[in-house]
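This chain uses plain numbering: 1 for the first residue, then up along the sequence.
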Amino acid sequence: MQINTTPTTVNKSAKELYDFLTNLENFEQIMPQNLDKFQLINEDRFLFGLKGMPEIVLERKEQLPDQKLVLGAASDKLPFTLTAHIAAKDVDKSEITLDFDGEFNAMMAMMIKGPITNFLNTLSKNLGEL
């Protein structure tokens, strides 16, 4: 299952946005309002929980300076990745696209597609307001 956000303009250079995202503690600032729990586990992992949803641990999987950050589920129960693609647009502007890629059975995919789409759109919107 793949879900992609539309590109969002951020009033930060590609380097500033990349640096912001690679400091995983900053993800707390862009989470939806229904954030119930956020805990930085170490510099490569954080846990978050939204009201009414199970807690998820994300860990850094891959990064390409000023261009891409890939986070993935730390558990094999729900295998997925969340990729942030960053493109420089100007000296102090960049564009970000979030891609979710997960392997789920049809029933699970049907149940989580809406909430995950909303989650990604909220992250993208909140990044645009930085």
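Following chains of ILVMFWY side-chain contacts shorter than 4.5 Å, one can reach I56 starting from L71, so the two form part of one hydrophobic cluster. Note on L58 and M53: same hydrophobic cluster, where clusters join Ile, Leu, Val, Met, Phe, Trp and Tyr whose side-chain heavy atoms are under 4.5 Å apart, directly or indirectly. Both M1 and L82 belong to a common hydrophobic cluster when Ile, Leu, Val, Met, Phe, Trp and Tyr are linked at side-chain heavy-atom distances under 4.5 angstrom. Side-chain heavy atoms closer than 4.5 Å link hydrophobic residues (I, L, V, M, F, W, Y) into clusters, and following such links, even through other members, never connects L69 to I41. In terms of hydrophobic clustering, with Ile, Leu, Val, Met, Phe, Trp and Tyr side chains grouped at heavy-atom distances under 4.5 Å, V10 and L64 are assigned to different clusters.
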Check: residues 29-36 side-chain donor-acceptor pairs under 3.5 Å, at least two apart:
residue : atom : partner : partner atom : Å
Q29     : NE2  : N26     : OD1          : 3.2

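The stretch residues 15-26 participates, sequence neighbours left out, in these salt bridge (charged side-chain N to carboxylate O under 4.0 Å, His left out) pairs: K15-D19. Applying the side-chain hydrogen bond (donor to acceptor under 3.5 Å, both in side chains) test to every pair with at least one member in residues 53-63, sequence neighbours left out, gives these pairs: Y18-Q63, D44-R60, R45-E59, E59-K61, R60-Q63, E62-K68. Residue pairs meeting the side-chain hydrogen bond (donor to acceptor under 3.5 Å, both in side chains) criterion with at least one member in residues 91-104, sequence neighbours excluded: N11-K93, H85-D99. Under the salt bridge (charged side-chain N to carboxylate O under 4.0 Å, His left out) criterion, the residue pairs touching residues 111-130 are K125-E129, with sequence neighbours excluded.
Under the 3.5 Å distance criterion, the side-chain polar atoms of T5 are matched with a main-chain donor or acceptor of L98. Although no hydrogens or angles enter the test, the distance criterion places no donor-acceptor pair under 3.5 Å between the side chain of S124 and the main chain of L120.
Under the rule for a ring pair (Phe, Tyr, Trp, His ring centres under 6.0 Å), the partners of F119 that lie at least two apart in sequence or sit in another chain are F48.
Rounded to the nearest 0.5 Å, atoms CG (L47) and CG (L40) are 10.5 Å apart. With rounding to the nearest 0.5 Å, the separation of CG in L17 from OG1 in T22 is 9.5 Å. Atom CD1 of I96 is separated from atom OG1 of T6 by 12.0 Å, given to the nearest 0.5 angstrom. Note that the CG atom of D90 and the OG1 atom of T9 stand 10.5 Å from one another [nearest 0.5 Å].
Side-chain contact between F20 and L127 is present, with heavy atoms from C-beta onward closer than 4.5 Å. Counting only heavy atoms from C-beta outward, the side chains of T81 and F100 never approach each other to under 4.5 Å. In this structure the side chain of L24 never reaches within 4.5 angstrom of the side chain of N42, judged on heavy atoms.
Between F46 and F27, the ring-plane angle classifies as parallel under the 30° and 60° cut-offs.
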